[in-house]
Amino acid sequence: MCLFCKIINKEIPSEVVLENENFLAFHDINPKAPVHVLAIPKIHVDSFNEVDPELMSSMTKFIQELAKEMNIDKDGYRVITNVGNNGAQEVKHLHFHIVGGAKLKWGHFSDSNPKANI
Ligand code: AMP
């Protein structure tokens, strides 16, 4: 069973901030900003690459609700999902990072030349 399935099953503790029948949101253990929570579906999906667009529809609503719950909806925030090896996805269970609570930076994503393919 994957790490986040264990969190869903409460086999591993987490700091839950929002939950419904289909989704769970909890604080990232290694926050990168004053607000950094993870939103996950309760069914196991490896990544965004495999997700059913219908599930994404209700997940979008959940993330919007989560942003309100964390009080970052008015000032703005970032929604990130890492996919696979090049996306630097560590946990192979679909998750969205919801990051905010301060003005975020936008930097280089890789050491490769960003214009190499132009
Ligand atoms: P990613 O690199 O997109 O797969 O992100 C995985 C995220 O899960 C990282 O930001 C980790 O800090 C976070 N993480 C790993 N283990 C836990 C845990 N037990 N509870 C909360 N967050 C975790």
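Just so it is clear, the values below take in all heavy atoms, side chains as well, and ignore hydrogens, waters and symmetry mates. Every number for a ligand or one of its atoms is a count from 1 in the order of the listing. We number each residue from 1, following the sequence as shown.
Interface of Gln89 with ligand 1, defined as ligand atoms under 4.0 Å from a residue heavy atom, comprises 4 (O). Ligand 1 places these atoms under 4.0 Å from at least one heavy atom of Asn82: 1 (P), 2 (O), 3 (O). Within ligand 1, the atoms closer than 4.0 Å to a non-hydrogen atom of His27 are 21 (C), numbered from 1 in the order shown. Proximity to His97 (heavy-atom distance under 4.0 Å) selects the following atoms of ligand 1: 1 (P), 3 (O), 5 (O), 7 (C), 10 (O). Close contacts of ligand 1 with Asn30, meaning ligand atoms under 4.0 Å from a residue heavy atom, involve 12 (O). Of all atoms in ligand 1, listed by their number and element, those nearer than 4.0 Å to a heavy atom of Phe4 are 8 (O).
Met70 is not listed as a side-chain neighbour of Ile98, based on a closest heavy-atom distance of 4.5 Å or more. Between Met56 and Phe96 there is a side-chain heavy-atom pair separated by less than 4.5 Å.
Under a 4.0 Å N-O distance rule, the pair Glu21/Lys42 does not qualify as a salt bridge.
In this structure, the protein non-hydrogen atom closest to atom 22 (N) of ligand 1 is Ile29 N, 3.1 Å. What sits closest to atom 6 (C) of ligand 1 on the protein, heavy atoms only, is His95 NE2, 3.5 Å. The protein atom (non-hydrogen) at minimum distance from atom 9 (C) of ligand 1 is Asp28 OD2, 3.4 Å. Atom 16 (N) of ligand 1 has its closest protein heavy atom at Leu3 CD2, 3.4 Å. Closest to atom 4 (O) of ligand 1 among all protein heavy atoms lies Glu90 N, 2.7 Å.
More than 12 heavy-atom neighbours from other residues, nucleotides or ligands sit within 6.0 angstrom of CG on Asn113.
With a 4.0 Å heavy-atom cut-off, ligand 1 is reached by the side chain of Leu38 but not by its N, CA, C or O.
Side-chain atoms of Asn9 never come within 3.5 Å of backbone atoms of Glu11 as a donor-acceptor pair (strictly under, hydrogens ignored).
Using 4.0 Å as the threshold, Lys32 has no heavy atom nearer than that to any atom of ligand 1. Within the structure, the closest approach of Ala88 to ligand 1 falls below 4.0 Å when heavy atoms are considered.
Two rings, from Phe26 and Phe4, have their centers less than 6.0 Å apart.
No continuous path of hydrophobic side-chain contacts links Ile7 to Leu18 [ILVMFWY only; heavy atoms under 4.5 Å].
His97 and His36 share a donor-acceptor pair across their side chains, judged by distance under 3.5 Å alone. There is no side-chain donor-acceptor pair under 3.5 Å between Glu54 and Ser57.
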